[in-house]
Amino acid sequence: MKLINQKLLDETTARAKQSPRLRMNHNFHEELDDPVNRLINAMEPGTYLRPHRHKNPDKNEIFLLLRGKAALFLFDDSGNITETVILDPANGTYGGEIPADVWHTLIILESGSVVYEIKQGPYAPLSPENMAPWSPDAEDAEGARKYMDKLKSHI
């Protein structure tokens, strides 16, 4: 049995805090080509998850916040925010399922946040068509910071 316990969350969070990207995942799937990918993703405030979608191949994605606090944003094709949900287990909002081909991102609001993610496999890096063209590239640190600040202003 694979356990999700406090020790695993703490160890993965410690690694996330040391990572330049301020996030670290721990996979539960054995192989990248498993039919279902399952992982925890420990993320710290300031990590940038560029808005993206899962199209070609179409994949739904499920986020369950195990601890911490995060804002989940959905967008239309022009980058307009269509929905915002604060994920906060302390207030009874635990996660969401994002349909395939829907632009989305998370903004981490609290240190120590850990998300359990489930998505159809096999794993494949996102192609350029799945990265939101109206959002800054992950390599643009200043642009990403300003963009995250803009999103936070809608909370």
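Scope of the values below: all heavy atoms of this structure, side chains included, with no hydrogens, waters or symmetry mates.
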**Message:** As a quick check of understanding, evaluate side chain to side chain contact (heavy atoms under 4.5 Å, CB included) for Leu9 and Lys7, giving each step before the final call.
**Reply:** CA-CA 5 Å; Leu9 299 186; Lys7 181 178 183 230; over 6 Å; no
**Message:** The test is side chain to side chain donor-acceptor pair (under 3.5 Å); show your working for Gln120 and His54 and say whether it passes.
**Reply:** CA-CA 10 Å; Gln120 293 107 322; His54 300 279; over 6 Å; no
**Request:** Please answer whether the main-chain N or O of Ala100 pairs with a side-chain N or O of Asn60 as donor and acceptor at a distance below 3.5 Å.
**Result:** yes
**Fill in**
For Met1, the other hydrophobic cluster members (4.5 Å side-chain criterion, sorted by chain and number) are Leu3
**Message:** A quick test of your reading: do over 12 heavy atoms of other residues, nucleotides or ligands sit less than 6.0 Å from NZ of Lys150?
**Reply:** no
**Request:** Kindly determine whether Glu117 and Glu61 satisfy side chain to side chain contact (heavy atoms under 4.5 Å, CB included), including the steps that lead there.
**Result:** CA-CA 7 Å; Glu117 296 182 32; Glu61 186 169 20; 3.3 Å; yes
**Message:** As an exercise, state the distance from CD of Gln6 to CG of Leu8, rounded to the nearest 0.5 Å.
**Reply:** 10.0 Å
**Item:** Within one Ile-Leu-Val-Met-Phe-Trp-Tyr cluster: Ile108 and Tyr116, side-chain cutoff 4.5 Å
**Value:** no
**Request:** List the steps, then state whether side chain to side chain contact (heavy atoms under 4.5 Å, CB included) holds for Ile81 with Leu74.
**Result:** CA-CA 6 Å; Ile81 298 169; Leu74 304 183; over 6 Å; no
**Prompt:** Looking at Trp134 versus Phe75, is the centre-to-centre ring distance below 6.0 Å?
**Reply:** yes
**Message:** Check Glu30 with Arg38, please: is the shortest side-chain N to carboxylate O separation under 4.0 Å?
**Reply:** no
**Message:** According to side chain to side chain contact (heavy atoms under 4.5 Å, CB included), who are the partners of Met148, at least two apart in sequence or on a separate chain?
**Reply:** Tyr48, Ile107
**Item:** NZ on Lys146 to CG on Leu151, rounded to 0.5 Å
**Value:** 14.5 Å
**Item:** Any donor-acceptor N or O pair under 3.5 Å, side chains His26, Glu11
**Value:** no
**Asked** How long is the gap from NZ on Lys2 to CZ on Phe28, to the nearest 0.5 Å?
**Response** 8.0 Å
**Asked** Which pairs with one or both residues in residues 14-24 pass side-chain hydrogen bond (donor to acceptor under 3.5 Å, both in side chains), sequence neighbours excluded?
**Response** Arg23-Thr47
**Asked** Is the closest side-chain heavy-atom distance between Pro122 and Pro35 below 4.5 Å?
**Response** no
**Request:** Run the salt-bridge test on Asp140 and Arg145 with the 4.0 Å N-O cut-off and return the result as yes or no.
**Result:** no
**Request:** For the pair Asn91 (side chain) and Thr93 (backbone), establish whether a donor and an acceptor sit closer than 3.5 Å, ignoring hydrogens and angles.
**Result:** no
**Asked** Any side-chain heavy atom of Leu64 sitting closer than 4.5 Å to one from Val115?
**Response** no
**Request:** Report the residues that fulfil side chain to side chain contact (heavy atoms under 4.5 Å, CB included) with Pro89, sequence neighbours left out, ordered by chain and then residue number.
**Result:** Leu65, Tyr94
**Item:** Joint cluster assignment, Ile86 & Leu72, ILVMFWY side-chain distance < 4.5 Å
**Value:** no
**Prompt:** Taking the side chain as C-beta and beyond, is there a heavy-atom pair between Val114 and Thr13 under 4.5 Å?
**Reply:** yes
**Item:** Co-membership, hydrophobic cluster, residues Tyr147 and Phe73, 4.5 Å side-chain
**Value:** yes
**Prompt:** For the hydrophobic clusters of this structure (ILVMFWY residues joined by side-chain heavy atoms under 4.5 Å, transitively), does one cluster hold both Ile40 and Ile62?
**Reply:** yes
**Within-4.5 Å side-chain heavy-atom neighbours: Leu87 and Leu106** = yes
**Message:** Would you say that Ile98 contacts Phe63 through its side chain, given a criterion of any heavy-atom pair below 4.5 Å between the two side chains?
**Reply:** yes
Return all side-chain donor-acceptor pairs below 3.5 angstrom for residues 123-131, not counting sequence neighbours, or 'none' if the list is empty.
residue	atom	partner	partner atom	Å
Ser127	OG	Asn130	ND2	3.0
Asn130	OD1	Lys55	N	3.0
Asn130	ND2	Lys55	O	3.1

**Asked** Any sub-3.5 Å donor-acceptor pair from Asp76's side-chain atoms to Gly79's backbone N or O?
**Response** yes
**Fill in**
The reported gap from CG in Asp10 to CG in Asn5 (rounded to nearest 0.5 angstrom) is 9.0 Å
**Request:** For residues Met43 and Asn25, determine if any side-chain heavy atom of one lies less than 4.5 Å from a side-chain heavy atom of the other.
**Result:** no
**Between OG1 on residue Thr105 and CZ on residue Arg50, distance to nearest 0.5 Å** = 10.5 Å
**Message:** Has Asp88 got a side-chain atom pairing as donor or acceptor with Ala90's backbone, closer than 3.5 angstrom?
**Reply:** yes
**Asked** With a 4.5 Å heavy-atom cut-off, do Met24 and Glu44 have their side chains touching?
**Response** no
**Leu49 CG to Ser135 OG distance, which is reported to the nearest 0.5 Å** = 11.0 Å
**Fill in**
salt bridge (Lys or Arg N to Asp or Glu O under 4.0 Å) filter on Lys59, not counting sequence neighbours, yields none
**Asked** Taking the side chain as C-beta and beyond, is there a heavy-atom pair between Val102 and Thr82 under 4.5 Å?
**Response** no
